[in-house]
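Notes for the one structure printed next.
A quick note: this is a predicted structure, and the numbers were derived from the prediction, not measured. Chain identifiers are assigned alphabetically (A, B, ...) following the order of the sequence lines, protein sequences preceding nucleic acid strands; residue numbering begins at 1 within each chain.
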Amino acid sequence: MSTPYLSDQELRRREELAQLKALGIDPYPAAKFEINCTTQKIHEGFSEGVAGFDTLSLAGRLTNKRIMGKASFAELEDSTGKIQLYFNRDEICPGEDKTHYNTVFKKLTSLGDIIGIKGHAFVTQTGEKSVFVKEFTMLCKVLRPIPFRTETDDKVYEVLTDTEQRYRMRYLDLIVHPEVREVFRKRTKMVQTMRDYLNGKGYLEVETPILQPIYGGATARPFKTHHNTLDMTLYLRIANELYLKRLIVGGFDGVYEFSKDFRNEGMSRFHNPEFTQVELYVAYKDYEWMMDLVEEMVEQVAIATNGTTEVQVGDHVINFKRPWKRITMYDSIKEFTGVDISAMDEATMRQACKELDVPVDDTMGRGKLIDEIFGEKVEPFLIQPTFITDYPVEMSPLAKKHRSKEGLVERFEGIFNGKEFCNSFSELNDPIDQRERFESQLELVKRGDAEAMILDEDFLRSLEYGMPPTAGLGIGIDRLAMIMTNQPSIQDVLFFPQMKPEKKVEIASAETFTALGVREELVQLLYKVGITTVEGLRDANPNKLHQDICSQNKKLKLGLKNPTKEEVTQWLANAATA
RNA sequence: GAUUCGGUAGCUCAGCUGGCAGAGCAUCUCCCUUUUAAGGAGAGGGUCCUGGGUUCGAACCCCAGCCGAGUCACCA
């Protein structure tokens with residue numbers, strides 16, 4: 001494949017690479033480079049006269065270089081931060097041969113290159129902690145320019161601000177934006193805190209199938225795939241609930257799984273096709289017990305990630321300190337709309353929706369209508385952590401009927417910043433009731449609800465063997481991470497969010513064009529004017545193409561013999577028959 | 001899907017009422033031994049997203065399209 005599009009800076013770096021090799025320097029050495037310190041440790045531990053910083057060995061990327069004749073200052077960034085380096089020609093090159101400084105460092109090392117250095121810490125005349133370099137080693141020559149951010153005391157010059165490029169080339173985003181690395185460290189810290197908490201309670205971390213013959217445990221459209229050997233349809237899981245419950249049937253008292261789930265639905269700043277949940281099931285407990293657990297665990301997460309229960313999220317400060325507000329769904333709707341819908345039948349409620357300006361359609365049953373009102377009039381306004389409890393039975397086919405309230409189930413959702421982040425019930429363990437709930441879901445499917453649940457016979461069979469009373473919980477890790485790291489979009493807490501495929505520039509080889517009668521030396525001009533494929537040549541306007549090529553030839557001062565108009569026309573004709 | 005904004009040098013962006021394509025940083029050459037966005041002198045670098053149209057003349061105006069972002073709607 002030819003590479004006609006290298007920028008001058010890329011060409012320059014490839015030239016540097018070749019020169020390094022010519023000097024006998026391996027730009028990609030195989031040997032390990034022993035590191036005994038980090039930039040952070042120097043900043044934290046070193047000051048004038050402190051011992052233990054005499055034989056440092058550091059590695060990282062060169063992010064700045066200021067050359068002043070025989071001396072230079074540079075900046076090295078490792079995973080913990082940055083430190084200034086001081087290079088002196090005669091220290092780097094004690095003998096007669098000054099090549100390593102004059103050529104290798106000054107000319108063949110560029111910003112972004114990964115280098116290792118050995119030296120000692122000192123403080124410059126201007127008071128900056130720095131490393132006095134005695135030796136340096138090229139560890140990885142970089143072939144593309146890296147747009148490092150430059151900063152002054154009062155201003156930061158941002159780089160790589162195009163969100164598309166940031167998500168597509170997350171590696172580059174992470175290189176140039178240390179604060180993005182910090183977001184993901186916090187996310188991991190968050191998950192570790194939850195795992196430690198659950199392990200501390202003695203619950204078992206488990207793994208269940210991602211490829212499922214029947215998708216269940218939530219209401220969503222799935223991704224569908226096919227297994228060749230078994231010749232069967234499989235689905236990527238939308239939840240793992242029904243498998244974890246089978247494990248409770250099997251005799252474990254508490255199981256949990258951090259699971260990637262997949263839903264084939266729209267994308268937005270709150271939705272990615274694959275996302276992470278932690279699901280937890282604990283035997284002999286109920287949903288009220290689970291509320292206590294969620295409060296405690298999330299409070300710990302807030303402290304672990306932010307050092308306090310109060311977390312800045314956009315314009316709000318959200319306080320995760322226990323206890324959180326608890327209110328029933330009906331009461332919350334009454335509180336926000338003044339309408340008591342608890343006793344309404346489906347028709348009355350449809351009318352109430354109209355009066356409240358809540359959009360509805362005919363496929364919606366009573367449960368879905370309530371959900372619509374709630375989602376429209378209540379949820380967005382719940383900023384501080386709140387538990388909404390006691391949902392209508394129609395929208396919760398896996399939850400146990402309420403112990404005292406007719407028509408409701410023992411379910412709660414945790415909500416903050418106007419968004420649901422967790423969902424929990426006293427799990428339905430009555431196999432006959434469960435069968436009936438699945439069947440009424442099938443009714444919804446007939447009414448056109450594409451997301452209603454389908455019936456899982458094996459799951460029902462497991463319930464018939466007996467599941468103890470169980471409290472279940474699902475927490476959306478991505479949304480929790482968005483809150484804990486104050487990020488506006490789910491894409492900001494996923495390393496590699498789903499993107500549209502990148503538009504690929506197809507490039508036909510030079511031989512392809514010479515075969516169509518293009519003189520070899522003119523191919524570069526074809527590339528230059530944007531003709532990179534046979535199709536592109538075929539569809540070109542011959543007059544424009546002829547002019548473009550001639551003007552490029554002149555502009556680039558190539559001194560090539562311009563093609564005649566007839567020549568160009570002939571290319572197009574050849575391309576059309578190719 | 002609806003709607004708003006955007007696409008100009010490697011990066012960040014300016015470009016007025018249509019009149020030679022610009023700045024800072026980065027890159028290259030030269031000077032400089034503790035600098036602080038180091039400095040000084042010089043140089044290279046462009047499909048102004050694409051295709052039409054209007055015009056003596058288009059980065060700019062008009063039409064169509066492509067790509068992206070934000071907001072809204074359905075789903076966690």
For this session: Before accepting this row, confirm whether a basic side-chain N of the pair A:R237/A:E279 lies closer than 4.0 Å to the acidic partner's carboxylate O.
Result: no
Seminar exercise, completed: Any strand, both distances under 3.5 Å, Watson-Crick or G-U wobble: B:C72 pairs with B:G1
For this session: Report yes if a side-chain nitrogen or oxygen of A:R12 is closer than 4.0 Å to either non-bridging phosphate oxygen (OP1 or OP2) of B:C28; otherwise report no.
Result: yes
For this session: Could you tell me whether A:E420 contacts a base, only the sugar-phosphate backbone, or nothing, with contacts defined as non-hydrogen atoms closer than 4.0 Å?
Result: sugar-phosphate
Problem set entry | Test side-chain contact (heavy atoms from CB on, under 4.5 Å) applied to A:F381 - qualifying residues, sequence neighbours left out | A:F336
Seminar exercise, completed: Per atom distances to the A:Q125 side chain, the nearest of B:U34, B:U35, B:U33 is B:U34
For this session: Looking only at side-chain atoms of A:T161, point me to the closest of B:U33, B:A69, B:C13.
Result: B:C13
For this session: Taking only the side-chain heavy atoms of A:T163 (C-beta and beyond), determine which of B:G68, B:U35, B:A69 contains the nearest atom.
Result: B:A69
For this session: Using the C1' atom as the reference point in each nucleotide, state the distance between B:C20 and B:A58 in Å, no decimals.
Result: 14 Å
For this session: Using the P atom on both, measure B:C28 against B:G44 and round to a whole Å.
Result: 16 Å
Problem set entry | Nearest non-hydrogen partners of A:Q491 and A:Q498, listed with the distance | NE2-O, 4.2 Å
Seminar exercise, completed: By the Watson-Crick or G-U definition, both distances under 3.5 Å, B:G10 is matched with B:C25
Exercise. Expressed as a whole number of Å, how far does the C1' atom of B:G57 sit from that of B:A14?
Worked result: 23 Å
Problem set entry | Sugar-phosphate, base or nothing in reach of A:S110, heavy atoms under 4.0 Å | nothing
Exercise. Rounded to whole angstroms, how far apart are CZ on A:R149 and P on B:C25?
Worked result: 19 Å
Problem set entry | A:K107 vs B:C30: side-chain N/O to OP1/OP2 distance below 4.0 Å | yes
Exercise. If you pin A:S489 and A:E376 to their nearest nucleotides in RNA chain B, which one's is more 5'?
Worked result: A:S489
For this session: Let me know, please, whether A:S268 or A:M499 comes out on the 5' side of the other along RNA chain B by nearest nucleotide.
Result: A:M499
Exercise. Which part of the nucleic acid, if any, lies within reach of A:I67 when heavy atoms closer than 4.0 Å are counted: base, sugar-phosphate only, or nothing?
Worked result: base
Exercise. Is any side-chain heavy atom of A:R89 less than 4.5 Å from a side-chain heavy atom of A:S72?
Worked result: no
Seminar exercise, completed: In whole angstroms, the gap separating P of B:A26 from NZ of A:K65 amounts to 12 Å
For this session: Could you tell me the separation between the CG atom of A:N88 and the C1' atom of B:U34, rounded to a whole number of Å?
Result: 10 Å
For this session: Output yes when A:D90 and A:K98 qualify as a salt bridge under the 4.0 Å nitrogen-oxygen rule, no when they do not.
Result: yes
Exercise. When you compare B:U54 with B:A64, how far apart are their C1' atoms, in angstrom units rounded to a whole number?
Worked result: 15 Å
Exercise. Picking from B:A26, B:C32, B:U12, which would you name as closest to the side chain of A:L111?
Worked result: B:A26
For this session: Mind calculating the distance between CZ (A:R166) and P (B:G68) to the nearest angstrom?
Result: 17 Å
Exercise. With a 3.5 Å cut-off and just heavy-atom distances, do the side chain of A:D8 and the base of B:G45 make a donor-acceptor pair?
Worked result: no
Problem set entry | Presence of A:N64 side-chain N/O under 4.0 Å of B:C25 phosphate oxygens OP1/OP2 | no
Seminar exercise, completed: B:G45 -> Watson-Crick or G-U wobble partner, both distances under 3.5 Å, gives none
For this session: Could you tell me whether the phosphate oxygens of B:A38, OP1 or OP2, come under 4.0 Å of any side-chain nitrogen or oxygen in A:S72?
Result: no
Exercise. Is the shortest distance from a Lys or Arg side-chain nitrogen in A:E16 or A:R12 to a carboxylate oxygen in the other one below 4.0 Å?
Worked result: yes
Seminar exercise, completed: To the nearest angstrom, the CG-P distance between A:L143 and B:G10 comes to 17 Å
Exercise. Which value, in whole Å, describes the distance between the P atoms of nucleotides B:C62 and B:G6?
Worked result: 12 Å
Exercise. When all nucleic acid strands are considered with a 4.0 Å heavy-atom cut-off, which category describes A:G476: base, sugar-phosphate, or nothing?
Worked result: nothing
For this session: Looking at every strand, decide which applies to A:Q277 at a 4.0 Å heavy-atom threshold: base, sugar-phosphate, or nothing.
Result: nothing
Exercise. Which nucleotide in the set B:G10, B:G68, B:U35 lies at the smallest distance from any side-chain heavy atom of A:D162?
Worked result: B:G68
Problem set entry | Separation between the C1' atoms of B:C13 and B:A26, rounded to whole Å | 14 Å
Exercise. Would A:F416 and A:F320 count as a close aromatic pair, with their ring centres under 6.0 Å?
Worked result: yes
Exercise. What are the two closest non-hydrogen atoms of A:K141 and A:L20, and how far apart are they?
Worked result: CD-CD1, 3.9 Å
Exercise. If the P atom of B:C48 is compared with that of B:C11, how far apart are they to the nearest Å?
Worked result: 16 Å
Exercise. What pairs with A:F495 under side-chain contact (heavy atoms from CB on, under 4.5 Å), at least two apart in sequence or on another chain?
Worked result: A:R170, A:L174, A:F184
For this session: Whole angstrom is fine here: how far is it from NZ in A:K98 over to C1' in B:U33?
Result: 13 Å
Problem set entry | Paired nucleotide for B:C56 [Watson-Crick or G-U wobble; both distances under 3.5 Å] | B:G19
Exercise. Which part of the nucleic acid, if any, lies within reach of A:N272 when heavy atoms closer than 4.0 Å are counted: base, sugar-phosphate only, or nothing?
Worked result: base
For this session: Assign A:R269 to base, sugar-phosphate, or nothing according to its heavy-atom contacts below 4.0 angstrom with the strands shown.
Result: sugar-phosphate
For this session: Determine the contact category for A:T124: base if any of its heavy atoms lies under 4.0 Å from a base atom, sugar-phosphate if only primed atoms, P, OP1 or OP2 are that close, otherwise nothing.
Result: base
Exercise. Base, sugar-phosphate, or nothing: which does A:F122 touch, judged by heavy atoms less than 4.0 Å apart?
Worked result: base
For this session: Considering only atom P, compute the distance from B:G22 to B:U47 and round it to an integer number of Å.
Result: 15 Å
For this session: Indicate, with a heavy-atom threshold strictly under 4.0 Å, whether A:Q9 touches base, sugar-phosphate, or nothing.
Result: base
Exercise. What is the base-pairing partner of B:A64, counting Watson-Crick and G-U wobble geometry with both distances under 3.5 Å?
Worked result: B:U50
Exercise. Which part of the nucleic acid, if any, lies within contact of A:E16, taking any heavy atom under 4.0 Å across all strands shown: a base, the sugar-phosphate backbone alone, or nothing?
Worked result: sugar-phosphate
Exercise. How close or far is atom P of B:A26 from atom CZ of A:F148, stated in whole angstroms?
Worked result: 13 Å
Exercise. Taking CG from A:L160 and C1' from B:C13, how many angstroms apart are they, rounded to a whole number?
Worked result: 15 Å
Exercise. Below 4.0 angstrom from OP1 or OP2 of B:U27, is there any side-chain N or O of A:R13?
Worked result: no
